[in-house]
A.B. asks: 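The following block contains the structure, expressed as structure tokens.
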There are 2 protein chains.
Amino acid sequence: MSDIRVLVVEDEPIASAAHAAYVQRLDGFSLAGTAPDGQSALRLLAEFSAAGNQVELVLLDMNLPDLHGLDIARRMRSSGLFSDIIAITAVRELNIVRSAVAIGVVQYLIKPFTYATFAEKLTNYRLFREQLASSDDGKTKTGASQSDVDQAFASLRTPSELQLPKGLSVSTLDSVKDFLRKEDAAVSASEVMDELGMSRVTARRYLEYLADAGSVSRAPRYGAPGRPENEYRWTRG
Amino acid sequence: MSDIRVLVVEDEPIASAAHAAYVQRLDGFSLAGTAPDGQSALRLLAEFSAAGNQVELVLLDMNLPDLHGLDIARRMRSSGLFSDIIAITAVRELNIVRSAVAIGVVQYLIKPFTYATFAEKLTNYRLFREQLASSDDGKTKTGASQSDVDQAFASLRTPSELQLPKGLSVSTLDSVKDFLRKEDAAVSASEVMDELGMSRVTARRYLEYLADAGSVSRAPRYGAPGRPENEYRWTRG
DNA sequence: ACCGTTGCGTTCATATTGGTCATGAAAGGT
DNA sequence: ACCTTTCATGACCAATATGAACGCAACGGT
């Protein structure tokens, strides 16, 4: 099966490069191009489409200099471009999620996100496509059943857990990530301990994992007596 | 919360009446109208929209005398109508499912279906909307997290309790659900075991199923030595 | 410069629970 | 009655947060 062609739409150069690198790193996907704003994204999509080289998936940042992501999606649909869309946003507004779903957004990523989260969403999307393709290749004359469709939709939600190192759990990692995203400032292990009600050792283990994974930066905090305390700051996005 | 306004688009009079009756029978939904073909559906939608009375959900048959369902959906998007769509079809073609998803079809029903199946899909959709509304009503300053969004998508796409997985029984599930609803606080598997007199394994299996189905939230309970115990809290209703 | 003080980093054993498997009982079909 | 299927159970091993103990790095006086 050929790769899924992906267009990355993102105005910040650093984030754009990161997302592009993520795509190339993932099996089953290939990068079709990148666009820094809505106009060029629409132009690129039209060009690819005219060349019979349709982009199948768009990673669409919702906050762009010229157009809002929802507007871009609407214009895509108006001009007959029906690529699938994964929305990426930093704003935490759930009410735009519904509008997004209505125009065919299949997944929703909240910045900043780790590579693991990114890979999970795209892999789910690929599984969704593969299930649709495999159950309908003409061999069975019965065709698709309701449960086939349900199963395909189910793979589009998020059960595919990534491989974490021994000793770490998904839900705890999520708690820590959510807390770090919420705090703009750098936080120490003790602060995470107090806020989430876990032990210092546990908090530090997860922060250290995130630091190794590159999602957070780690720096010592000087000025107070005692051994310097590490502080962690979210850097993804 | 006000009802979700639904438009039924279906050419066969008998089926149309049945679907309309189904909608009226369901809590949380009200029937906005019915249309026998694509043209009148589009006209009705435009009229409602102009009257500030936008239809929020369209039950769209894919095989209509004048237009294919996909075409209707495309024209809706082109004319700025962004109601959500549940597709209904008798043809068993999975490859059009992907196109349908790209234009914002949120669910897919294959004819013939029972009322139970119908109710399941619409209820999932309603829960999806409610979750988006509740997590974003301005009370929490943290905003939405990735897991909130994931949860909402899960309830949209998880086939819920109609076909129970092997090993689960309806009556036991009801006991567990009743107990969870009664308790406002989060409960652990052990507490369910003690209270309902079942084994821990059984209690955990049902709680885990409800967590996957999106009816309860699951979070580890920190603070005590030993492996953290999961606690479950009812989130529906 | 040196040294005691301070408080976090790091390691390890421990306490509990999560998860799986084979078993047993009960229900349903033939 | 016998067989098949289904669901709950107990026992097992694996997983994961905790607390204590020790080491380490900067601060602040001497």
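Just so we're clear, the structure is a prediction, and the values are computed from it rather than from any experiment. Side chains included, hydrogens not; waters and symmetry mates left out as well; all remaining heavy atoms used. Residue numbers start from 1 in every chain, and the chains themselves are labelled A, B, ... in the order their sequence lines are given, proteins ahead of strands.
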A.B. asks: Could you check how far CZ of A:Arg200 sits from C1' of C:dG7, rounded to whole Å?
C.D. replies: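 From A:Arg200 CZ to C:dG7 C1': 8 Å.
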
A.B. asks: Give B:Ser188 one of three labels, base, sugar-phosphate or nothing, depending on what nucleic acid heavy atoms sit under 4.0 Å from its own.
C.D. replies: nothing

A.B. asks: Taking the basic N atoms (NZ, or NE/NH1/NH2) and the acidic carboxylate oxygens, is any pair closer than 4.0 Å for B:Asp194 and B:Arg200?
C.D. replies: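 Looking at B:Asp194 and B:Arg200, the cut-off is not met.
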
A.B. asks: Between A:Arg126 and A:Asp3, is there a side-chain N and carboxylate O pair less than 4.0 Å apart?
C.D. replies: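 Judged by the 4.0 Å cut-off on N to carboxylate O distance, A:Arg126 and A:Asp3 do not form a salt bridge.
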
A.B. asks: Is the closest basic N to carboxylate O distance between B:Lys182 and B:Glu195 below 4.0 Å?
C.D. replies: no

A.B. asks: Counting only N and O atoms by type, is there a donor-acceptor contact under 3.5 Å from the side chain of A:Ser175 to the main-chain atoms of A:Ser171?
C.D. replies: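 Yes.
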
A.B. asks: Counting any heavy atom closer than 4.0 Å, what does A:Ser169 reach on the DNA or RNA strands: base, sugar-phosphate only, or nothing?
C.D. replies: sugar-phosphate

A.B. asks: Is A:Thr202 close enough to D:dA17 that one of its side-chain N or O atoms is under 4.0 Å from OP1 or OP2 there?
C.D. replies: no

A.B. asks: Kindly indicate whether the side chain of B:Leu57, heavy atoms from C-beta on, has any atom under 4.5 Å from the side chain of B:Ile85.
C.D. replies: no

A.B. asks: Quick one: A:Asp212 CG to C:dG9 C1', roughly how many Å, whole number?
C.D. replies: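 Those two atoms, CG and C1', are 14 Å apart.
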
A.B. asks: Strictly below 4.0 Å: does A:Lys166 bring a side-chain N or O up to OP1 or OP2 of D:dA15?
C.D. replies: yes

A.B. asks: Taking the side chain as everything from C-beta on, heavy atoms only, tell me whether B:Val6 gets closer than 4.5 Å to B:Leu59.
C.D. replies: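 A side-chain contact exists here, since the closest heavy-atom pair is under 4.5 Å.
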
A.B. asks: Whether B:Glu56 and B:Arg129 form a salt bridge (side-chain N of Lys/Arg under 4.0 Å from carboxylate O of Asp/Glu) is what I want to check.
C.D. replies: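 The answer is yes: the pair qualifies as a salt bridge.
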
A.B. asks: Among residues 223-232 of chain B, which ones have heavy-atom contacts with DNA chain D below 4.0 Å?
C.D. replies: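 Close to the strand are B:Gly223, B:Ala224, B:Pro225, B:Gly226, B:Arg227, B:Pro228.
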
A.B. asks: Between the protein and nucleotides 21-26 of chain C, which nitrogen or oxygen pairs are less than 3.5 angstrom apart?
C.D. replies:
none

A.B. asks: Examine D:dA8: is either OP1 or OP2 under 4.0 Å from a nitrogen or oxygen in the side chain of B:Thr172? Give yes or no.
C.D. replies: yes

A.B. asks: Quick check: on DNA chain D, is the nucleotide nearest B:Gly197 upstream (toward 5') of the one nearest A:Tyr222, or the reverse? Name the residue that is more 5'.
C.D. replies: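 So the residue in question is B:Gly197.
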
A.B. asks: Report the residue (A:Tyr206 or B:Ala203) whose heavy-atom-nearest nucleotide on DNA chain D is the more 5′ of the two.
C.D. replies: B:Ala203

A.B. asks: Could you check how far CE of B:Met193 sits from P of C:dT16, rounded to whole Å?
C.D. replies: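 It works out to 14 Å between those atoms.
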
A.B. asks: For A:Arg204 and B:Ser190, take the nucleotide of DNA chain C holding the closest heavy atom to each; which residue's nucleotide lies nearer the 5' end?
C.D. replies: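 The residue mapped nearer the 5' terminus is A:Arg204.
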
A.B. asks: What's the shortest heavy-atom distance between B:Leu31 and B:Ala20, and which atoms?
C.D. replies: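 Looking at all heavy atoms of both residues, the shortest contact is CD2-CB, 3.7 Å.
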
A.B. asks: To the nearest Å, give me how far apart CE (A:Met198) and C1' (D:dT16) are.
C.D. replies: 12 Å

A.B. asks: For the pair made of CG in A:Leu173 and P in D:dT16, what is the distance, rounded to whole Å?
C.D. replies: 12 Å

A.B. asks: Tell me, which pairs form a side chain to side chain donor-acceptor pair (under 3.5 Å) where one or both residues lie in residues 15-29 of chain B, sequence neighbours left out?
C.D. replies: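 Every pair satisfying side chain to side chain donor-acceptor pair (under 3.5 Å) with a residue in residues 15-29 of chain B: there are none.
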
A.B. asks: Separation of A:Leu168 atom CG from C:dG18 atom C1', in whole Å?
C.D. replies: 16 Å

